Asker: 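Once you've had a glance at the structure underneath, I'll fire off some questions.
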Number of protein chains: 4
Amino acid sequence: MTDTGIAKDQLKSVIERIEHLEEEKKAIADDVKEIYAEAKANGFDAKILRKVVSLRKIEAAEREEQGAVLDLYLSALGMAPDLFEAAA
Amino acid sequence: MTDTGIAKDQLKSVIERIEHLEEEKKAIADDVKEIYAEAKANGFDAKILRKVVSLRKIEAAEREEQGAVLDLYLSALGMAPDLFEAAA
Amino acid sequence: MTDTGIAKDQLKSVIERIEHLEEEKKAIADDVKEIYAEAKANGFDAKILRKVVSLRKIEAAEREEQGAVLDLYLSALGMAPDLFEAAA
Amino acid sequence: MTDTGIAKDQLKSVIERIEHLEEEKKAIADDVKEIYAEAKANGFDAKILRKVVSLRKIEAAEREEQGAVLDLYLSALGMAPDLFEAAA
DNA sequence: CACTGGAAAATGCCGC
DNA sequence: GCGGCATTTTCCAGTG
């Protein structure tokens, strides 16, 4: 019974931590919505703004991807990728 | 030109604020993942955990919806929902 | 060439079947709209109707989720949920 | 009281008809998913298929739109659009 | 006719 | 690696 008691406490803790984080996430999502609304009020087209953000996200991912490929090449050549990162 | 300069600054600010918030959101999502992984390592079934969390979310949503329907009924009857809220 | 011919026919068939089903779906959606309009004409508040429908949907989802969680618990315990279902 | 009894029956009927139609809609949506899955099993790329379907939908809408503009022109000229439709 | 809210579609994630 | 599921995003209809 002690075990299940401990397990129960652990479970409770896990659930609570998750739900707390999800609330935080939701709060941030609401902040984002607010910014879009505010931008719209300032004459920006929300739809286009969203496109811009998603494009920049894709571009960032691609850069990362390219960086990963470069790292692969470098390590294939026996060179430490870190040397380049450090210089940049 | 000044106008477009201002608009550009505004745009930049909007985009940056959004991207910053989205990073925060992602960080939190990662924290959630971590908790699930940790729970799994402690012998919990992640699938069940997720179902429990989602069930609790639905229950919360139901309570909200019930309140919303009640408010609609009250306002349809010309009664201010606030009167009840205040009393509660 | 025969292959691509077959593939083309298959593709055509797939697209057509999907588009046909989507038309059916749209027709049903229109029927739903009609019912709301008719109900409104009979003095019902469409907004409340929609909320009621959505509340009932959430309630149904909750029941489903509860069953799903139970099934997961049972299978985690190595018990066949079917035994219970069959008895019911 | 008789009135509210009738209203209640009407309400019940409305809700039931809507829920029944939504179930039908869901069944059709499931059929669509099934077709995508089947197509995927036959070597088609589901993502591309979806793009094709949505493009065709947009094109159809545009054609309709253009047709509407044409009709507008024709009626502005005092000509019945139906004459063209019939001939087509 | 702009806005809010809800349905549908697309994407990404987890578990097998 | 794939299928299913949950989340997220997009779109559209209803409302004021």
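All chains are named by letter (A, B, ...) in the order of the sequence lines, taking the proteins before the strands, and each is independently numbered beginning at 1. All values derive from a computational prediction rather than experimental measurement.
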Asker: Taking atom C1' of E:dA10 as reference, at what distance in whole Å does atom CD1 of D:I58 sit?
Answerer: 14 Å

Asker: Between B:L72 (CG) and E:dG5 (P), how many Å, whole number?
Answerer: 12 Å

Asker: Please tell me if C:K51 has a side-chain N or O lying less than 4.0 Å from either OP1 or OP2 of E:dG6.
Answerer: yes

Asker: Rounded to the nearest 0.5 Å, what's the gap from CG on C:L49 to CD1 on D:I15? Could you check?
Answerer: 5.5 Å

Asker: Of all the heavy-atom pairs spanning B:K51 and C:A68, show the shortest one and how long it is.
Answerer: CE-CB, 3.5 Å

Asker: If hydrophobic clusters are built from ILVMFWY residues whose side chains come within less than 4.5 Å, do D:M79 and D:L72 share one?
Answerer: no

Asker: Extract the stems that DNA chain F is part of, considering only consecutive pairing runs of at least three Watson-Crick or G-U wobble pairs, both distances under 3.5 Å.
Answerer: E:1-16 with F:1-16

Asker: Between F:dC5 atom C1' and B:L49 atom CG, what is the distance in whole Å?
Answerer: 16 Å

Asker: Can you give me the N/O atom pairs linking the protein to nucleotides 12-16 of chain E at distances under 3.5 Å, or say none if there are none?
Answerer:
none

Asker: Atom NZ of D:K26 to atom C1' of E:dA9: distance rounded to whole Å?
Answerer: 15 Å

Asker: Does A:V14 reach the side chain of B:Y36, with side-chain heavy atoms less than 4.5 Å apart?
Answerer: no

Asker: Separation of A:K57 atom NZ from E:dA10 atom C1', in whole Å?
Answerer: 13 Å

Asker: Would you say that C:K57 contacts D:E22 through its side chain, given a criterion of any heavy-atom pair below 4.5 Å between the two side chains?
Answerer: yes

Asker: Mind calculating the distance between CG (C:D31) and C1' (F:dA13) to the nearest angstrom?
Answerer: 16 Å

Asker: Can you run down the salt bridge (charged side-chain N to carboxylate O under 4.0 Å, His left out) pairs that involve residues 34-45 of chain D, sequence neighbours left out, and say none if there aren't any?
Answerer: C:R17-D:E38

Asker: Return the CD1 to CG distance between D:I48 and D:L55, rounded to the nearest 0.5 Å.
Answerer: 11.5 Å

Asker: Hey, which sits more toward the 5' end of DNA chain E by its nearest nucleotide, B:E65 or C:K25?
Answerer: B:E65

Asker: Quickly work out the A:I18 CD1 to F:dT7 P distance and round it to whole Å.
Answerer: 11 Å

Asker: Treating B:S75 as the side-chain partner and B:D71 as the backbone partner, does any N or O pair qualify as donor plus acceptor under 3.5 Å?
Answerer: yes

Asker: Determine, for C:K33 against C:D30, whether the closest basic-nitrogen to carboxylate-oxygen distance falls under 4.0 angstrom.
Answerer: yes

Asker: What is the distance from CD of D:E38 to P of F:dG4, rounded to the nearest Å?
Answerer: 13 Å

